[in-house]
Amino acid sequence: MTVLGIGISYGLATLFAMFSGMPIAFALGAVAVVFMGIYMPAASLDTVTQNVYEEMASITLLAIPLFILKGAAIGRSRAGQDLYTALHAWLHRVPGGLGVANVFACALFAAMAGSSPATCSAIGSAGIPEMRKRGYSGGFAAGIIAAGGTLGILLPPSITMILFAVAAEKSLGRLFLAGIGPALFLVMLFGAYAVFRFRKEYAAASAVYAQTGTPAAILKHDDFTMAERFSVLPRVLPFVILLTGVMIALYGGYATPSETAGLGGLMALVLIALIYGVWRPADLAPILKSTIRESTMLMMIIGMSLLYSYVMSYLHISQSVAESIVAMNLPRWELLAAILVMVVMLGFFLPPVSIILMTAPIVLPPLRAAHFDIIWFGVVMTIVMEMGLIHPPVGLNLFVIRNVAPDISLSEVIWGTLPFVLLMMAAVVVLCFVPEISTALPDLVMGPDGGR
């Protein structure tokens, strides 16, 4: 069979395995092993475990379970709720300040947890009930948390960026720095939309009140004295200590990414023990179980995805696809657009981890040939994958929100997130015209990147 035929059958087999309901890791591994048995030497089946181990034996990947531990320690304590409460006290005078506070809370929590689902769960469990109590519509409240949670894969320590750095063989520190500017830009866009949407809902409630005399919850105003505002500031201190410690260790050159992840996990455990009294075995058990469960799931997906990519490479599928894309002689921006559309389509069905590991061997060679900055592309691709976390049919954050707020229908959640998807698309366009948003900070801190 020709390479084209093998590639088509490989893709169809993958889709069949995915739609069968099989877990992603086992679907990718099963397809890879079957095609190894059919098209590769019989001896290759004897080396499956060795290949998976060798692909995963990366010191960079060690950071993943350690960052997950840090996120679980914060997410399963009262730390997330305390952060949200402090931000709300200071932003309550801003129109839609409660929504803006949730956006900032998601961003700060994401910068420590590195996980979108963890951010949605931790901030959403406190933020959504508060927004609903104050009259925010279900879709609006859900959209803010779902979109804010996506910042977990863009702000350091992003697990997704760790994997992209491994796949692209690029500096993880530079990639982390490159994501900060675009993440702050998205925070600004999300906050501006929260103010706009609040004004719209407030105006509608005011009109109803003028006609019927029935006051709506959204018309009520919270009021905090200056003393109350300052009294909640100590609640943010643990986050500042943790975030500052991790950033200094990583970007000050005092620790490798994996060592930084270990430091972050240890600091998170110490902080919740000292501040929230979470130190007994019964208290730590849910944190450790969550860490083991999520780490095992991710590492299985990574291992099977790497095996899947190895088989693609051995059968020359990925090389042929890359050669075909290059042979089309698309202008560089049309090439980028075609690749991003492909990533969006994959995002309908696959999580960011699988998308990176499956597509990196295909898309990076033609992008390098077109002289795109791979670090910049990693940030753009991450934002595009963020869309996949909040659009159907398999937007992971949508289902996390449904678990946190079961009273909000899935259709409300989906419609509430769509404006944020459009904002992410706008951010990608802006990054294409103003790449300095992403590249300026790493160039300033680490110097110009000579390689592509």
Side-chain angles (χ1 to χ4, degrees), residues 87 91 94-97 99-116 119-120 123 143-161 164-165 170 172-198 243 247 251 333 336-337 340 343-344 347 352 372-391 397 416-446 449:
L87 288 171
L91 295 172
V94 178
V100 176
N102 277 283
V103 172
F104 277 101
C106 285
L108 288 173
F109 191 92
M112 289 171 288
S115 168
S116 291
T119 302
C120 279
I123 304 301
I144 288 175
I145 299 299
T150 64
L151 297 170
I153 68 170
L154 186 59
L155 282 163
S158 164
I159 294 171
T160 301
M161 283 191 166
F164 185 87
K170 284 290 185 178
L172 179 58
R174 177 175 288 276
L175 189 59
F176 275 173
L177 287 171
I180 293 176
L184 295 177
F185 181 58
L186 281 176
V187 168
M188 182 186 70
L189 290 179
F190 292 170
Y193 174 76
V195 173
F196 167 78
R197 177 68 180 269
F198 174 83
L243 187 59
M247 292 301 179
Y251 298 119
W333 292 107
L336 177 67
L340 294 181
V343 173
V344 169
F372 278 105
D373 185 332
I374 298 302
I375 293 288
W376 170 86
F377 171 74
V379 173
V380 171
M381 184 178 180
T382 300
I383 296 175
V384 172
M385 289 187 295
E386 284 183 337
M387 300 178 197
L389 291 171
I390 59 174
H391 71 54
N397 285 12
T417 59
L418 286 181
F420 294 95
V421 173
L422 296 177
L423 290 175
M424 291 178 187
M425 291 182 181
V428 169
V429 173
V430 171
L431 277 174
C432 290
F433 286 99
V434 192
E436 291 79 11
I437 296 175
S438 174
T439 60
L441 186 58
D443 285 349
L444 178 65
V445 175
M446 304 180 70
D449 183 13

As a quick check of understanding, evaluate side-chain contact (heavy atoms from CB on, under 4.5 Å) for Lys170 and Leu175, giving each step before the final call.
CA-CA 8 Å; Lys170 284 290 185 178; Leu175 189 59; 5.9 Å; no
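- Scanning both residues, Met424 and Ala147, for their nearest heavy atoms gives CE-O, 4.4 Å.
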Between Glu386 and Val421, does the side-chain contact (heavy atoms from CB on, under 4.5 Å) criterion hold? Intermediate values first, please.
CA-CA 9 Å; Glu386 284 183 337; Val421 173; over 6 Å; no
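- Between Trp376 and Ser438, the closest heavy-atom pair is CD1-CB, 4.1 Å.
- Scanning both residues, Val379 and Gly179, for their nearest heavy atoms gives CG2-N, 4.0 Å.
- Between the OG1 atom of Thr382 and the CG atom of Leu151 there is a distance of 12.0 Å, given to the nearest 0.5 Å.
- Separating the CD1 atom in Ile375 from the CG atom in Leu172 is a distance of 9.0 Å, to the nearest 0.5 Å.
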Going by atom type alone, with no hydrogens or angles, which donor-acceptor pairs under 3.5 Å involve a side-chain atom of residues 191-198 and a protein atom two or more places apart or on another chain?
from, atom 1, to, atom 2, distance (Å)
Tyr193, OH, Arg197, NH1, 3.0
Arg197, NE, Glu201, OE2, 3.1
Arg197, NH2, Ser137, OG, 3.4
Arg197, NH2, Glu201, OE2, 3.3

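- Leu444 contributes atom CG, which lies 11.0 Å from atom OG1 of Thr439 (distance to the nearest 0.5 angstrom).
- Annotation for Leu336 and Phe372: closest pair CB-CZ, 3.8 Å, computed over non-hydrogen atoms.
- Residues Ala146 and Thr417 approach most closely at CB-CG2, 3.7 Å, considering heavy atoms.
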Walk me through whether Thr150 and Met385 qualify under side-chain contact (heavy atoms from CB on, under 4.5 Å).
CA-CA 9 Å; Thr150 64; Met385 289 187 295; over 6 Å; no
Trace of the side-chain contact (heavy atoms from CB on, under 4.5 Å) decision for Phe104 with Val187
CA-CA 7 Å; Phe104 277 101; Val187 168; 4.1 Å; yes
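- Considering CG of Leu186 and CG of Leu431, their distance stands at 8.0 Å, rounded to 0.5 Å.
- Shortest non-hydrogen contact noted between Phe164 and Ile374 is CE2-O, 3.7 Å.
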